[in-house]
Amino acid sequence: MNSSKQHHRGIGLGWSALLSAVLGLLLLVLTLLVGNLRWSLGAEKAKLMWFEHVRSALGLGTGPMVMADSLLLVDVHYDRVLTTLRDADGLPGGTEATVDHEHLLRLLQEIEATGGYRYVVLDVFLDAEARQPADSALCQLISHMPRIVVAKSGKPLADSCLLPKAGMAMYATPLWDSDFVKYPYFSGGERSLPLVMYEELTGRSIDTSGLVSTDSGWPVRSSVVLTYALKEDSTLMSNRRYLDQMVADGPDEPLLDSPAMAHGKYVVIGDFVSDRHQTFLGEMSGALINFNAFLSLMHGHHRLSPGLLLFLFLVFSLLAFVTIHYSSFSRMVMWLGYPAVLLLACLIVYVASGQVYDVLWAWAFFYVLEKFTYIFNRLREARQPQRQ
């Protein structure tokens with residue numbers, strides 16, 4: 001009878017609980033380190049696609065913070081002029097069709113005059129190599145406008161006064177994953193466009209030092225997971241305005257239908273036709289990828305909440321405990337599959353916090369732990385004298 005109990009029980013209850021807690025803490029730290037990588041390892045994308053289908057089917061999770069009627073999309077794709085490109089010495093180096101900066105100036109002047117806009121996202125590069133006659137006035141206007149950010153390509157800007165308003169938009173994906181899953185806060189040591197928006201609107205500050213990132217002192221991930229709260233669907237895109245059509249009535253006619261057109265709205269200005277990239281939800285414009293990264297920050301998807309950390313710790317510790325202490329129960333878990341249990345934990349985390357952690361690698365750890373525990377118990381039983 002004692003031998004039968006020992007078969008179903010490993011080391012003592014107290015030692016099992018202590019060892020399980022240590023292993024749970026170790027797995028939590030490893031999970032945070034993997035999740036803190038700037039780029040996706042690929043597993044997050046697969047889980048996000050599945051989670052998004054589940055969330056949409058069940059109506060779970062939080063909705064977008066910004067609805068379609070709170071956005072004014074201005075497409076500059078067809079509003080182009082032939083611009084002479086010049087090098088650092090001012091020597092011409094060919095021509096390129098770039099967005100008409102004079103029309104941008106007129107649009108921003110009208111938006112500023114209304115004063116009621118929420119934020120302006122100018123996802124248009126204003127590089128020094130492609131200066132236009134209107135650039136001096138345009139750059140000065142942007143530098144004095146509140147609540148505006150301009151995209152930076154990594155090349156010198158048309159005017160240094162734009163530096164406080166500029167954010168890097170040269171986002172990229174790693175070689176092993178062509179879809180956008182994570183968006184780093186910094187690119188080449190410079191703040192990204194979504195980060196500039198987030199810090200200006202919230203008054204908070206994200207700092208990164210080595211593997212540690214903080215948001216006004218609170219620990220956060222080094223990049224934000226793109227959950228795409230704002231989908232680029234037909235309803236959203238049907239309401240966009242085209243800059244070339246807005247200026248068609250002449251230089252003396254207003255571009256906005258009325259001052260209320262931009263009131264209380266996020267004004268997103270960019271190329272929604274040719275500037276397109278692959279995401280795990282399909283193709284999306286670069287301007288809306290940037291804006292969704294901003295929404296993920298505003299949702300707090302980058303923050304490490306105590307509840308989230310406690311939940312993951314308890315899941316890891318409980319799996320370790322049942323594997324070590326109750327071998328019969330661990331075989332039931334093995335029948336269900338450690339990946340299934342961990343995937344369920346991932347889904348709960350996603351629905352509750354919008355964060356995705358790559359914890360499926362932990363199933364290999366538990367599989368090895370279960371085999372080790374089984375061998376340890378059998379050797380322990382073999383060494384004990386049999387009782388009549």
Side-chain angles (χ1 to χ4, degrees), residues 32 35-36 38 61-73 108 111-112 114-123 142-152 162-171 180-209 212-230 262-270 286-309 349-350 352-356:
L32 294 179
N36 205 40
R38 296 178 72 245
T62 57
M65 296 181 65
V66 177
M67 305 303 293
D69 57 2
S70 298
L71 282 171
L72 172 59
L73 305 182
L108 292 179
I111 292 174
E112 184 197 31
T114 66
Y117 62 92
R118 187 171 297 180
Y119 206 94
V120 177
V121 182
L122 183 57
D123 194 6
I142 294 173
S143 67
H144 292 97
M145 278 184 69
R147 306 185 306 283
I148 184 173
V149 63
V150 60
K152 187 178 181 182
L162 294 176
L163 286 173
K165 300 289 186 177
M168 290 295 293
M170 291 303 291
Y171 36 79
F180 284 92
V181 177
K182 288 184 175 181
Y183 197 119
Y185 305 134
F186 296 91
S187 176
E190 298 189 59
R191 295 185 304 167
S192 65
L193 186 149
L195 180 57
V196 172
M197 294 179 63
Y198 173 76
E199 290 185 342
E200 182 175 2
L201 286 177
T202 63
R204 306 180 69 87
S205 176
I206 292 182
D207 301 295
T208 298
S209 177
V212 179
S213 298
T214 58
D215 183 345
S216 297
W218 189 266
V220 296
R221 303 172 70 164
S222 62
S223 58
V224 63
V225 175
L226 296 172
T227 51
Y228 297 106
L230 188 68
H263 185 79
K265 295 184 178 181
Y266 289 96
V267 183
V268 182
I269 306 170
L288 287 185
I289 290 177
N290 272 315
F291 194 75
N292 271 293
F294 159 71
L295 291 181
S296 291
L297 287 170
M298 294 296 287
H299 274 297
H301 293 170
H302 61 305
R303 296 171 65 84
L304 300 178
S305 67
L308 170 63
L309 299 181
V349 170
Y350 178 72
S353 66
Q355 298 188 30
V356 177

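Taking CG of Asp207 as the reference point, atom CZ of Phe186 lies at 6.0 Å (rounded to 0.5 Å). Note that the OG1 atom of Thr202 and the CG atom of Asp215 stand 7.0 Å from one another [nearest 0.5 Å]. Leu297 contributes atom CG, which lies 11.0 Å from atom CG of Leu201 (distance to the nearest 0.5 angstrom). The line from CD1 of Ile206 to CZ of Arg221 is 12.5 Å long, rounded to the nearest 0.5 Å.
The side-chain heavy atoms of Asn292 and Leu295, taken from C-beta on, include a pair separated by under 4.5 Å. Taking 4.5 Å as the limit, every side-chain heavy atom of Lys165 sits out of range of all side-chain heavy atoms of Val196. Tyr183 has its side chain within reach of Pro194: a pair of non-hydrogen atoms, C-beta onward, lies under 4.5 Å apart. Side-chain contact between Val121 and Asn290: absent, with no pair of heavy atoms (C-beta onward) separated by less than 4.5 Å. Side-chain contact between Met197 and Leu193: present, with at least one pair of heavy atoms (C-beta onward) separated by less than 4.5 Å. Annotation: side chain of His263 is not in contact with side chain of Thr114 (no heavy-atom distance under 4.5 Å).
The two atoms that bring Ala229 and His299 nearest to each other are CB-NE2, 4.1 Å, heavy atoms only. Smallest separation of non-hydrogen atoms from Ile142 and Ile148: O-CG2, 3.7 Å. Nearest heavy atom pair, residue Val220 against residue Arg303, reads CG1-CA, 3.8 Å. The minimum heavy-atom distance linking Leu72 with Ala262 is given by the pair CD2-CB, 4.2 Å. Heavy atoms only, all atoms of each residue included: Glu199 and Arg191 are closest at OE1-NH1, 2.7 Å.
Aromatic ring pairs are classed by plane angle as parallel below 30°, tilted from 30° to 60° and perpendicular above 60°; the pair Phe294 and Phe291 is tilted. Note: His302 and Tyr198 have perpendicular aromatic rings, judged against thresholds of 30 and 60 degrees for the angle between ring planes.
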* Start with the C-alpha distance between Met168 and Leu195, add both sets of side-chain angles, then the distance that settles side-chain contact (heavy atoms from CB on, under 4.5 Å), and finish with yes or no. => CA-CA 9 Å; Met168 290 295 293; Leu195 180 57; over 6 Å; no
* Tyr119 and Val149: side-chain contact (heavy atoms from CB on, under 4.5 Å), yes or no, with the steps? -> CA-CA 8 Å; Tyr119 206 94; Val149 63; 3.7 Å; yes
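Arg147 places a side-chain N or O within donor-acceptor distance of the main-chain N or O of Tyr117, the cut-off being under 3.5 Å. Not one N or O on the side chain of Ser143 forms a donor-acceptor pair closer than 3.5 Å with the backbone of Leu162. Of the possible polar contacts, none joining the Ser209 side chain to the Val212 backbone as a donor-acceptor pair under 3.5 Å is found. Under a 3.5 Å cut-off, the side chain of Asp123 and the backbone N or O of Gly270 do not form any donor-acceptor pair. Between the Ser213 side chain and the Thr208 main chain, no donor and acceptor come within less than 3.5 Å of each other.
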